[in-house]
Amino acid sequence: MALGKIKADTLEHSTAGSLDTSYVVNGSAKAWNSFNGTGTVAIRDSFNVSSLTDSTTGQYATVFTNSMSNGNYSHSGFAEHDGGTHALFATSNKDNHPPSTTKAGIDSFRGSDNAAVDSSQMTHIIVGDLA
């Protein structure tokens, strides 16, 4: 059985207009994950993520299944609220986990005192070019 290929420069919806396919290719997440960052870390769901590394309290690294073209991609994350008392934040940290073509680091910290903390609900999204 021969496999087909669809080639298009523009996608058009019957009532909502059209969109250049470069927006889909360049603007879509190339990797993401949702994970439990406490105890034994565990990925809940993901795309283009082969594994997750727990470096130390509040520091994780998302390892890609398919590499990025370079380390100049954009990534961000979210950590759930900490027991109703402090907001938690997740951010990339180039000092602890420099971005590479194979993985991206993310840190979780409490907003009130910037202390590193683990969170049971973490997310990480990566946008850029695949190799």
Side-chain angles (χ1 to χ4, degrees):
M1 176 171 86
L3 297 177
K5 192 184 281 190
I6 298 173
K7 292 183 178 185
D9 293 328
T10 305
L11 300 175
E12 187 172 329
H13 187 272
S14 61
T15 61
S18 62
L19 175 70
D20 189 291
T21 56
S22 66
Y23 287 102
V24 177
V25 172
N26 296 323
S28 299
K30 300 308 185 290
W32 61 265
N33 62 3
S34 171
F35 63 95
N36 178 357
T38 61
T40 301
V41 298
I43 297 172
R44 290 187 178 95
D45 199 2
S46 68
F47 173 73
N48 193 29
V49 173
S50 64
S51 64
L52 179 68
T53 302
D54 183 1
S55 303
T56 188
T57 301
Q59 293 183 8
Y60 314 91
T62 295
V63 181
F64 309 131
T65 303
N66 298 294
S67 297
M68 302 298 286
S69 64
N70 58 55
N72 297 321
Y73 45 82
S74 176
H75 62 117
S76 64
F78 170 80
E80 87 172 352
H81 197 266
D82 180 21
T85 56
H86 302 283
L88 295 182
F89 300 94
T91 183
S92 62
N93 187 324
K94 291 184 179 185
D95 295 328
N96 295 332
H97 299 288
S100 75
T101 59
T102 59
K103 67 181 178 179
I106 187 167
D107 292 358
S108 174
F109 60 94
R110 193 170 34 238
S112 61
D113 60 6
N114 290 330
V117 291
D118 289 339
S119 174
S120 61
Q121 182 62 41
M122 298 280 301
T123 61
H124 194 188
I125 185 169
I126 296 89
V127 179
D129 294 327
L130 291 173

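Hydrogens, waters and symmetry mates are skipped; everything else that's a heavy atom, side chains included, is used.
When hydrophobic clusters are built by joining Ile, Leu, Val, Met, Phe, Trp and Tyr residues whose side-chain heavy atoms come closer than 4.5 Å, directly or via intermediates, Ile106 is grouped together with Leu52.
Side-chain atoms of Val41 and Asn36, non-hydrogen and from C-beta on, never get closer than 4.5 Å to each other. Residues Met122 and Ser34 are not in side-chain contact: their nearest non-hydrogen atoms beyond the backbone lie 4.5 Å or more apart.
The environment of CG in Asp9 is sparse: at most 12 heavy-atom neighbours from other residues, nucleotides or ligands sit within 6.0 Å.
Residue Ile6 holds its CD1 atom at 10.0 Å from CG of Leu11, rounded to the nearest 0.5 Å. The distance from atom CZ of Phe35 to atom OG of Ser46, rounded to the nearest 0.5 Å, is 11.0 Å. In this structure, the separation between CD on Gln121 and OG on Ser108 is 11.0 Å, given to the nearest 0.5 Å.
Scored by the side-chain hydrogen bond (donor to acceptor under 3.5 Å, both in side chains) test, Ser22 finds Asp20 as partners (sequence neighbours excluded). Residues passing the side-chain hydrogen bond (donor to acceptor under 3.5 Å, both in side chains) test with Ser76: none are found, sequence neighbours excluded. For Ser55, the side chain to side chain contact (heavy atoms under 4.5 Å, CB included) criterion is met by Thr53, Gln59, His97, not counting sequence neighbours. Qualifying side chain to side chain contact (heavy atoms under 4.5 Å, CB included) partners for Ser18, counting only residues two or more places apart in sequence or in other chains: Thr10, Glu12.
The closest donor-acceptor contact from the side chain of Lys30 to the backbone of Gly128 lies under 3.5 Å.
In the hydrophobic clustering, Phe64 connects to Met68, Tyr73, Ile126, Leu130, either directly or through intervening members, whenever side-chain heavy atoms lie under 4.5 Å apart.
Closest non-hydrogen pair, His75 versus Pro99, comes out as NE2-CG, 4.4 Å. Closest approach of Arg44 to Ser120, counting heavy atoms only: NH2-O, 2.7 Å. Minimum heavy-atom separation, Val49 to Ala31: CG2-CB, 4.4 Å.
Under the side-chain hydrogen bond (donor to acceptor under 3.5 Å, both in side chains) criterion, the residue pairs touching residues 60-70 are Asn33-Thr62, Asn48-Asn66, Tyr60-Asp118, Thr62-His124, with sequence neighbours excluded.
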